[in-house]
Amino acid sequence: MDARMLIAQGIGTIATIIAIWAYQCKDTKKLYLMQFFSNLGFTLHYLVLGAATGLLLNGMGTVRLVMLSFVKGKWARSNAAMWALMGVMVLCTVITWNGWLSLLPALAQVLSTPLYFRRSGKLLRYGQLFFMSPCWLIYNIFNYSIPGAVTDLMNITSVVVSLIRFKGQLDKPEESKGESI
């Protein structure tokens with residue numbers, strides 16, 4: 001493994017640690033914040049790795065989290081903003097097209113966007129379990145992203161643990177924040 005690959009794997013490992021913690025957050029805003037930092041780390045990881053589709057789509061995932069978590073105003077959570085974001089994700093995929101492999105992170109990011117806009121940690125967890133992590137896992141294996149593949153396997157495990165741990169609580173709105181997780 002050359003120095004560039006070692007640096008990429010190191011950056012990805014830090015992003016992995018953050019991603020694992022994310023799904024143990026009961027509060028949706030904390031979940032989004034942890035995913036924001038994990039996405040930033042993986043965006044840098046894919047840059048160093050030279051995986052253009054992963055780079056741009058993780059970058060768009062970061063934009064999505066900023067819109068939903070930090071930007072005030074209805075426009076950031078509107079259907080128009082959601083569709084525009086999904087359109088930009090598709091455009092990023094076209095720009096970085098590298099065969100069928102480019103479809104996998106595109107599917108994960110585009111199809112997960114409505115789940116993020118619903119602001120439901122429960123739906124987000126199920127999306128992570130059934131299509132987001134499986135798509136990214138295959139992409140990561142083919143791009144030699146060891147931390148990415150480990151993250152996806154750990155995300156799947158972490159989601160299962162959180163679904164068991166929060167069973168019954170995931171359907172109830174949080175009293176202090178008024179949003180469901």
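Everything numeric in this text was worked out from a predicted model, so none of it was measured.
- In terms of heavy atoms, Ala76 sits closest to Leu68 at O-CD2, 4.0 Å.
- Note: Met82 CE to Leu115 CG = 10.0 Å, rounded to the nearest 0.5 Å.
- Taken from CZ in Arg125 to OG in Ser158, the straight-line distance is 8.5 Å, to the nearest 0.5 Å.
- The ring pair (Phe, Tyr, Trp, His ring centres under 6.0 Å) search around Phe142 returns Trp100, not counting sequence neighbours.
- Between Trp75 and Ala81, the closest heavy-atom pair is O-CB, 3.0 Å.
- For the pair Ile14 and Phe37, the minimum side-chain heavy-atom distance is 4.5 Å or more.
- Nearest approach of Pro147 to Phe42, heavy atoms of both residues: O-CZ, 4.0 Å.
- With sequence neighbours excluded, no residue forms a side chain to side chain donor-acceptor pair (under 3.5 Å) with Tyr139.
- What you find for Cys25 and Met34 is that their closest heavy atoms are SG-CG, 3.9 Å.
- Nearest heavy-atom pair across Asn155 and Ser133 is CB-OG, 3.5 Å.
- By the neighbour-count criterion of 12 heavy atoms within 6.0 Å, atom CZ of Phe131 is densely surrounded, having more than that number from other residues, nucleotides or ligands.
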Met132 and Asp152: CA distance, side-chain angles, deciding distance, side-chain contact (heavy atoms from CB on, under 4.5 Å) verdict: CA-CA 9 Å; Met132 291 160 56; Asp152 293 315; over 6 Å; no
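- Atom OG1 of Thr151 is separated from atom CG of Asn140 by 7.5 Å, given to the nearest 0.5 angstrom.
- Between Leu124 and Gln35, some side-chain heavy-atom pair lies under the 4.5 Å cut-off.
- Between Leu101 and Asn143, the closest side-chain pair of non-hydrogen atoms falls below 4.5 Å.
- What you find for Gly41 and Ile11 is that their closest heavy atoms are O-CG2, 3.3 Å.
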Pair Asn58-Trp136, side-chain contact (heavy atoms from CB on, under 4.5 Å): steps then yes or no: CA-CA 11 Å; Asn58 257 289; Trp136 277 107; 3.5 Å; yes
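- Between Phe130 and Tyr126, the two ring planes are parallel [angle under 30°; tilted spans 30° to 60°].
- Taken to the nearest 0.5 Å, the CG atom of Leu44 stands 12.5 Å off from the CG atom of Asn39.
- Atom CG in Leu129 sits 7.0 Å away from atom CG in Leu163 (nearest 0.5 Å).
- Between Trp21 and Lys30, every side-chain heavy-atom pair lies at or beyond the 4.5 Å cut-off.
- Partners of Phe36 under the ring pair (Phe, Tyr, Trp, His ring centres under 6.0 Å) rule, at least two apart in sequence or in another chain, are Phe70.
- Other residues sharing a hydrophobic cluster with Val161 under the 4.5 Å side-chain heavy-atom criterion for ILVMFWY residues do not exist; the residue is a singleton.
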Hey, can you pull the donor-acceptor pairs under 3.5 Å for the side chains in residues 84-94, sequence neighbours left out?
residue : atom : partner : partner atom : Å
Thr93   : OG1  : Met89   : O            : 3.0

Anything under 3.5 Å between a donor and an acceptor, one on a side chain of residues 105-113, the other on a protein residue two or more places apart or in another chain? List them.
residue : atom : partner : partner atom : Å
Gln109  : NE2  : Leu57   : O            : 2.8
Ser112  : OG   : Arg64   : NH1          : 3.0
Ser112  : OG   : Ala108  : O            : 2.8
Ser112  : OG   : Gln109  : O            : 3.1
Thr113  : OG1  : Arg64   : NH1          : 2.9
Thr113  : OG1  : Gln109  : O            : 2.8

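- The structure places OG of Ser78 at 12.5 Å from CH2 of Trp83, a figure rounded to the nearest 0.5 Å.
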